[in-house]
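Down below is the structure, laid out as structure tokens.
Start at 1 and go down the list; that is how both ligands and their atoms are numbered. Numbering of residues begins at 1 and proceeds along the displayed sequence.
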Amino acid sequence: MKNEIKKIKKDLSLYLSSIEEDVFLPQNKANHRTTETALSKEEMMRSLEQEVSNCRKCLLGLSRLNAVFGCGDPKASLMFIGEGPGFEEDHTGQPFVGRAGQLLDKIIAAMGLSREKVYIANIVKCHPMIDPENPNLHANDRPPTPAEISMCRGYLERQIDIVEPKAIVTLGNVPTKFMLNETKGISQLRGKNYQVPKGLFSFKCSPLVFPTYHPAALLRNPNLKKDTWADMKSVMSFLGLK
Ligand code: SF4
């Protein structure tokens with residue numbers, strides 16, 4: 001009899017501890033599930049790209065041929081940011097693929113990297129056009145308006161949050177002013193690196209910003225190549241690239 005009571009007590013104790021475990025498990029299980037279902041950077045980027053491809057938040061979304069989301073490694077240490085897509089980009093859906101883009105590829109290659117090893121994106125994802133009814137017209141580009149930037153900037157901010165780059169190269173005036181909240185021009189700001197001003201964004205990462213000329217400016221004025229290369233050498237030194 002004593003033994004039976006002992007066994008019942010033991011079973012009861014095991015039963016109670018299993019209930020206790022169940023009571024506390026949901027949290028653990030939930031945490032576990034979160035880990036299991038946590039999206040990878042690639043998945044987060046794909047999901048964001050899908051969102052952008054459906055976006056019509058501003059008028060640029062009505063005239064674009066393709067949304068130009070961005071490309072490269074979502075885990076890259078280095079990110080390049082331009083202002084917005086042009087003719088070639090609008091037609092292909094890829095950032096920096098015209099003549100200026102080819103020059104950017106050469107700059108990236110000279111740094112010992114490739115398009116696949118960095119991340120490239122623009123502030124606005126759709127082609128700002130002078131005449132939005134003629135997307136097949138060449139020389140139909142214009143800079144994005146502050147209202148367009150304001151509508152679209154959230155996508156770039158989320159891209160930066162996913163990539164968590166150590167360094168961001170801003171290409172030209174518009175992205176430099178955007179990242180640093182500056183009013184000075186690129187020729188005054190390049191040649192140094194900057195912390196993102198506090199309170200401007202709420203990134204999880206703290207990238208250093210290296211402003212330089214837009215590759216299109218180098219095509220117009222090849223004398224700017226020397227300064228651009230000096231800027232890239234400074235990025236390489238910061239990232240420990242040879
Ligand atoms: S520019 Fe940006 S906000 Fe405007 S429609 Fe395109 S993706 Fe949407």
Side-chain angles (χ1 to χ4, degrees), residues 39-74 76 79-101 104 115 118-165 168-182 186 196 200-205 207 209 211 214-217:
L39 295 178
S40 68
K41 285 177 186 279
E42 288 83 359
E43 288 167 327
M44 284 192 278
M45 210 55 108
R46 270 198 296 276
S47 154
L48 186 55
E49 182 168 12
Q50 188 62 42
E51 215 180 297
V52 168
S53 71
N54 294 325
C55 181
R56 298 283 189 276
K57 276 197 295 185
C58 77
L59 290 179
L60 298 186
L62 302 181
S63 55
R64 74 174 183 222
L65 298 177
N66 288 290
V68 181
F69 177 67
C71 71
D73 180 0
M79 191 159 172
F80 289 85
I81 299 180
E83 67 179 44
F87 178 93
E88 304 285 351
E89 291 77 17
D90 191 25
H91 281 70
T92 59
Q94 290 300 313
F96 284 91
V97 286
R99 279 183 67 223
L104 178 63
R115 204 171 247 261
V118 300
Y119 198 85
I120 304 175
N122 286 306
I123 302 175
V124 297
K125 311 303 186 196
C126 306
H127 183 194
M129 291 178 239
I130 300 164
D131 178 358
E133 290 191 358
N134 277 309
N136 288 320
L137 208 64
H138 280 278
N140 191 16
D141 307 332
R142 63 165 173 80
T145 64
E148 289 157 355
I149 289 176
S150 159
M151 292 303 275
C152 204
R153 59 181 289 164
Y155 295 127
L156 175 66
E157 291 175 28
R158 284 160 70 189
Q159 283 173 303
I160 294 172
D161 247 344
I162 293 170
V163 177
E164 300 181 276
I168 292 179
V169 173
T170 49
L171 299 164
N173 274 317
V174 176
T176 302
K177 288 178 180 177
F178 172 78
M179 285 303 299
L180 300 178
N181 197 26
E182 268 288 351
I186 187 66
V196 177
L200 195 55
F201 303 99
S202 52
F203 298 138
K204 288 177 282 172
C205 53
V209 179
H214 192 284

Atom 2 (Fe) of ligand 1: which protein heavy atom is closest, and how many Å away? Cys152 SG, 2.3 Å
Closest protein heavy atom to atom 4 (Fe) of ligand 1, given as residue, atom name and distance to 0.1 Å: Cys58 SG, 2.4 Å
Quick check on the 6.0 Å ring-centre criterion: do His214 and Phe80 meet it? no
Side chains of His127 and Asp141: is there a donor and an acceptor less than 3.5 Å apart? yes
Stepwise, does the side-chain hydrogen bond (donor to acceptor under 3.5 Å, both in side chains) test hold for Ser47 with Gln50? CA-CA 5 Å; Ser47 154; Gln50 188 62 42; over 6 Å; no
Can you tell me if Cys126 has an N, O or S atom under 2.8 Å away from atom 6 (Fe) of ligand 1? yes
Under a 4.0 angstrom heavy-atom cut-off, which atoms of ligand 1 come close to Gly61? 5 (S)
Using every non-hydrogen atom in the two residues, find where Cys152 and Val124 come nearest and quote the distance to one decimal. SG-CA, 3.7 Å
Please state whether the separation between atom 2 (Fe) of ligand 1 and some N/O/S atom of Cys55 is under 2.8 Å? no
Which of the atoms of ligand 1 are close to Lys57, meaning less than 4.0 Å from one of its heavy atoms? 3 (S), 5 (S), 8 (Fe)
Would you check if Leu156 and Phe178 make a side-chain contact, meaning some heavy-atom pair closer than 4.5 Å? yes
